[in-house]
Amino acid sequence: MAEKTVRAWQRMVSGRRLDLLDPSPLDVEISDIAHGLARVSRWNGQTFGDHPFSVAQHSLVVEDIFRRLGKATADECQMALLHDAPEYVIGDMISPFKAVVGGGYKAVEKRLEAAIHLRFGLQAHPDKALKDRIKKADTVCAFFEATELAGFTEEEARKFFGIPRGFNRDTIMIVPLPAKEAEVLFLKRFEALEAARKEGV
């Protein structure tokens with residue numbers, strides 16, 4: 001008896017079918033990424049507010065912080081904006097659960113990251129220096145998400161994320177947006193960075 005083939009692709013709202021085991025850049029669409037990330041919740045949805053804090057909004061905040069931390073090219077900013085892009089397919093697993101799942105999740109995430117980056121003419125993965133810079137911006141954002149939205153005390157948040165020097169809650173877009181609004185803003189920022197990349201900024 002023939003073994004049943006397990007479906008390893010997902011159909012996107014664009015109509016594309018993305019193979020999770022061997023993702024092709026040709027099946028990646030920015031509209032699908034923006035749509036998906038705007039509907040994926042940070043912190044497993046355990047946040048205060050009328051709307052979940054979406055990965056799309058988180059990505060916008062991280063890119064904004066990344067840009068303000070130091071000089072960055074349009075390519076680098078685009079990679080910062082797309083730093084969590086694989087989550088449009090695999091969701092946003094909280095860090096403790098990633099540790100439990102182990103290497104399998106990371107392997108899928110890295111393949112998706114490469115396909116997404118190559119689709120938009122970026123290097124498959126950021127080098128260590130760029131990854132560290134994006135991570136710094138991500139950590140600053142996480143501090144404010146934790147304290148403003150997820151119920152952490154400042155003392156708790158400092159243990160996990162450090163002290164976000166040079167930023168405060170009034171300087172970042174921390175109030176959760178409706179999904180459609182986050183989607184539109186994500187697309188606009190992506191398109192602005194694409195225009196800057198074409199100009200060689």
Side-chain angles (χ1 to χ4, degrees), residues 10 12-13 18 20 30-66 68-69 79-113 116 131-190:
Q10 179 176 346
M12 303 298 168
V13 292
L18 186 67
L20 303 185
I30 192 59
S31 59
D32 291 329
I33 293 173
H35 182 89
L37 294 185
R39 288 157 179 81
V40 174
S41 302
R42 294 274 293 167
W43 305 90
N44 278 344
Q46 297 299 307
T47 52
F48 301 106
D50 293 336
H51 304 282
F53 192 77
S54 70
V55 176
Q57 185 173 352
H58 164 81
S59 299
L60 285 162
V61 175
V62 168
E63 190 270 329
D64 176 56
I65 292 169
F66 173 79
R68 288 156 62 188
L69 282 171
M79 292 182 89
L81 183 68
L82 295 171
H83 78 283
D84 278 339
E87 294 177 7
Y88 89 107
V89 180
I90 55 179
D92 180 29
M93 279 192 190
I94 59 172
S95 296
F97 193 59
K98 284 182 185 177
V100 172
V101 172
Y105 177 91
K106 277 291 181 188
V108 172
E109 186 178 46
K110 283 191 79 68
R111 285 195 292 268
L112 285 165
E113 179 180 74
I116 291 163
K131 191 171 183 177
D132 288 346
R133 288 167 58 204
I134 295 171
K135 184 64 179 175
K136 183 175 181 180
D138 191 46
T139 302
V140 171
C141 185
F143 174 89
F144 289 107
E145 290 176 28
T147 54
E148 297 294 326
L149 303 173
F152 283 57
T153 65
E154 287 207 6
E155 185 180 356
E156 285 177 317
R158 283 175 185 156
K159 287 178 185 175
F160 293 110
F161 309 114
I163 300 169
R165 301 184 189 283
F167 296 90
N168 62 63
R169 71 161 322 281
D170 297 322
T171 63
I172 60 175
M173 185 174 53
I174 199 68
V175 177
L177 300 172
K180 191 62 186 176
E181 191 174 340
E183 178 181 349
V184 168
L185 288 175
F186 183 94
L187 279 172
K188 282 184 178 177
R189 185 59 189 152
F190 176 86

*asked:* Please determine whether a side-chain nitrogen of the Lys or Arg among Lys135 and Asp132 lies less than 4.0 Å from a carboxylate oxygen of the Asp or Glu.
replied: no
_Any side-chain heavy-atom pair of Phe144 and Ile65 under 4.5 Å_ = no
*asked:* Using side-chain heavy atoms (C-beta onward) and a distance below 4.5 Å, is Val89 in contact with Val108?
replied: no
*Exam field: side chain His58 to backbone Val55, donor-acceptor pair closer than 3.5 Å*: no
*Any chance you could lay out the side chain to side chain contact (heavy atoms under 4.5 Å, CB included) test for Asp64 and Arg68, step after step, and finish with the verdict?*
CA-CA 6 Å; Asp64 176 56; Arg68 288 156 62 188; 2.6 Å; yes
*Looking only at heavy atoms, which two atoms of Pro52 and Thr47 are closest? And how far apart?*
CA-OG1, 4.2 Å
_Please report the interatomic distance CD1(Ile90) to CG(Leu20), rounded to the nearest 0.5 Å._
8.5 Å
*Quick one: CD on Glu145 to CZ on Phe53, what's the gap to the nearest 0.5 Å?*
4.5 Å
*asked:* What I'd like to find out is whether the side chain of Ile30 reaches to under 4.5 Å of the side chain of Leu82, using heavy atoms alone.
replied: yes
*Go through the steps for His83 and Glu63 under the test side chain to side chain contact (heavy atoms under 4.5 Å, CB included), then give the verdict.*
CA-CA 9 Å; His83 78 283; Glu63 190 270 329; over 6 Å; no
Validation: residues 171-182 side-chain donor-acceptor distances under 3.5 Å, sequence neighbours left out:
{"from": "Thr171", "atom 1": "OG1", "to": "Asn168", "atom 2": "N", "distance (Å)": "3.2"}
{"from": "Thr171", "atom 1": "OG1", "to": "Asn168", "atom 2": "O", "distance (Å)": "2.8"}

*Between CZ on residue Phe167 and CZ on residue Phe143, distance to nearest 0.5 Å*: 13.0 Å
*Heavy atoms only: give me the nearest Gly162-Pro164 pair and the separation to one decimal.*
O-CD, 3.7 Å
*Measure the OG1-CZ distance between Thr147 and Arg158 for me, rounded to the nearest 0.5 Å.*
9.5 Å
_Salt bridge flag under 4.0 Å for residues Lys106 and Glu109_ = yes
_Distance-minimising heavy-atom pair for Leu112 and Pro86_ = CB-CB, 3.8 Å
_Phe186 vs Gln57, test: side chain to side chain contact (heavy atoms under 4.5 Å, CB included). Steps then yes/no._
CA-CA 7 Å; Phe186 183 94; Gln57 185 173 352; over 6 Å; no
_Minimum heavy-atom distance Val62-Ala80, with the two atoms named_ = CG1-O, 4.4 Å
*Checking side chain to side chain contact (heavy atoms under 4.5 Å, CB included) for the pair Leu18/Met12: CA distance, chi angles, key distance, verdict?*
CA-CA 7 Å; Leu18 186 67; Met12 303 298 168; 3.8 Å; yes
*Below 4.5 Å, heavy atoms only, C-beta onward: do Phe190 and Ile33 meet side chain to side chain?*
no
*To the nearest 0.5 Å, tell me how far Ile134 CD1 sits from Asp138 CG.*
9.0 Å
*With rounding to the nearest 0.5 Å, note down the distance linking SG in Cys141 to CZ in Phe161.*
10.0 Å
*List in chain and number order the residues that pass salt bridge (Lys or Arg N to Asp or Glu O under 4.0 Å) with Asp32, two or more places apart in sequence or in another chain; answer none if no residue qualifies.*
none
